[in-house]
Amino acid sequence: MIAAAPVRPATTNTCRVCAPLGAVLAFRGLRGCVPLVHGSQGCATYIRRYLISHFREPMDVASTSFTESSTVFGGKSNLATAVTNLRDQYAPEVVGLCTTCLAETIGEDTRGLIRDLAAADPTLPRLIHVATPSFKGCQHKGFHDTVEAILRQVAEGGERLRQVNVLAGPVSPADLRHLREVLAAIGLPAILFPDYSETLDGPSLARYEPIPAGGIGLDELARAGRSACTIQFGDTLEPGPGAVLEQLHGVPLVRLGLPIGVQASDAAFAALADAAGAALPESLAAERGRLVDAYVDGHKYVARRRVAVVGDPDLAVALAAFAAEIGMIPVLVASGAATGRMAQALALRGVAGAEVLEDADHDSIGARLAALKPDLVLGPSKSYPATRSLSIPLVRVGFPVHDRIGAGRILHLGYRGTQRLFDEVVNTLLGHAQDLSETGYAYL
Ligand code: SF4
């Protein structure tokens, strides 16, 4: 069954954040990059606050600080001042410029301004621009539009190389580190982009580094147009940022769902092994074996339990498919994004019967949770008020997770990420049953 989000006079407890936030996240996967938000200070502050509370890392996000006059006459001089200040204070390799609703609403010719700036002062850092009006989409769209803009502006064609591009989407730093580990084990050179595995989950340093180490360099990314193929994760992407490499440089695009669950991980790792012309390493086979064994051990605790999933559309679809794979019944799959493709993506993953809610806020999701009464919710911290009031246990996944620490270290992907998730799902259900029990069994 598919339900449209109910018509409501206003969004209450939003389930989406703004498109420039997705852009900033993607820019943090580029080496030596400082994100610059073209618009008012408040937008950059909001983005910083959200990202810091999730990743718990320093988050320098510059702003062109629009005032009343720049709102009327345009932000040309603000942009010039901001880029000059960034050059002098940060010495970045690249400035990632994304626009706010305000800059887009006044029709700012940001691309033209950048062209004029670069022509007038060759000492300025390279500027990469993406238009991210939030009235056209949320962080999910902002992220993928930024990945596409970067690839469009940086990748170059040429002789084919034995390497692949992997576009993993807005996953966690732990997920990115795991993918790098898998690629190394398979022996496949890869451009994993964006890679914020170090920039957003780095070590404690004696001295503050304004631009954290890590990320993919422009020189490396330039070779993305010469890869054997692009493997892109995301069921609802149509066609997604990897298509630009196919259009411009003839790099074939392989589209897969996020590798959560045995079947989805099998498909993803088989695609990587195919690209490498190699067999899967023993270490992955062992992880798979342990995961299947855990499914056998834990199936009696999860079978036929009803679950609701809330999150970014690709993550929500992948989690619902995982839940169905372990014998749970997905009853609600909800997202603040409005892709119009979640129902179809779920059907392609073999998930039937779940209510699909796109463009939803947490109030409307809470109302459906109250009506459907699932046994468990998989979702971000924003799902906590509703699940608390309904006494439904919550397994925190996705973004944002800002009522726990370690969000950057939540592993969702591959056999190993699925193992962690499966254990947490089972243990959360067991813990909840124990909490409600008058007997207090210690043996379950
Ligand atoms: S005005 Fe637009 S860009 Fe700024 S914080 Fe709000 S949604 Fe984001």
Side-chain angles (χ1 to χ4, degrees), residues 5 8-28 33-55 59-76 78-79 81-83 86 95-111 113-114 127-150 170 194 196 200 310-313 335-339 358-365 380-382 398-400 402:
R8 51 191 195 272
T11 295
T12 316
N13 292 330
T14 179
C15 185
R16 49 185 278 172
V17 285
C18 72
L21 183 147
V24 167
L25 185 57
F27 280 130
R28 289 300 293 259
C33 180
V34 177
L36 172 61
V37 177
H38 194 39
S40 61
Q41 284 255 6
C43 301
T45 305
Y46 161 67
I47 291 167
R48 271 185 229 117
R49 177 242 171 250
Y50 239 80
L51 290 173
I52 288 170
S53 68
H54 179 84
F55 291 104
M59 195 66 63
D60 285 28
V61 178
S63 166
T64 53
S65 298
F66 270 39
T67 58
E68 288 88 342
S69 65
S70 25
T71 303
V72 175
F73 300 111
K76 181 177 179 178
N78 296 51
L79 181 61
T81 305
V83 178
L86 288 177
V95 171
L97 180 66
C98 54
T99 47
T100 60
C101 303
L102 177 56
E104 292 293 335
T105 302
I106 66 170
E108 184 90 319
D109 176 18
T110 313
R111 199 179 300 276
L113 296 182
I114 289 175
L127 282 154
I128 295 179
H129 161 243
V130 57
T132 45
S134 283
F135 45 81
K136 283 202 167 172
C138 62
Q139 79 277 11
H140 180 257
K141 180 166 169 50
F143 181 93
H144 290 293
D145 284 357
T146 303
V147 172
E148 184 194 314
I150 295 169
Y196 42 80
L200 290 179
V310 181
D312 263 4
S335 179
T339 68
E358 294 204 39
D359 195 17
D361 63 14
H362 282 288
D363 266 22
S364 50
I365 294 170
S381 298
K382 291 283 188 180
F399 179 89
H402 48 204

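First listed ligand is number 1; within each ligand, the first listed atom is number 1.
Between the side chains of Ser364 and Asp361, at least one donor N or O sits under 3.5 Å from an acceptor N or O. Using modelled atom types, one finds no donor on one side chain facing an acceptor on the other under 3.5 Å when comparing Thr14 with Thr11.
Less than 4.0 angstrom separates some heavy atom of Cys43 from each of these atoms of ligand 1: 1 (S), 3 (S), 4 (Fe), 5 (S). The distance from ligand 1 to the heavy atoms of Thr100 drops below 4.0 Å at these ligand atoms: 3 (S). Proximity to Cys101 (heavy-atom distance under 4.0 Å) selects the following atoms of ligand 1: 1 (S), 2 (Fe), 3 (S), 7 (S).
A donor-acceptor contact shorter than 3.5 Å links the side chain of Ser134 to the backbone of Ala19. A distance-only check finds no donor-acceptor pair linking the side chain of Ser65 to the backbone of Gln41 [under 3.5 Å].
Within the 4.0 Å heavy-atom shell around ligand 1 one finds Pro20.
When only non-hydrogen protein atoms are considered, atom 5 (S) of ligand 1 lies nearest to Tyr46 CD2, 3.5 Å. When hydrogens are left out, the protein atom nearest atom 7 (S) of ligand 1 is Cys18 CB, 3.3 Å; that is the closest non-hydrogen contact.
Residues Tyr46 and Arg16 come closest through the heavy atom pair OH-O, 4.4 Å.
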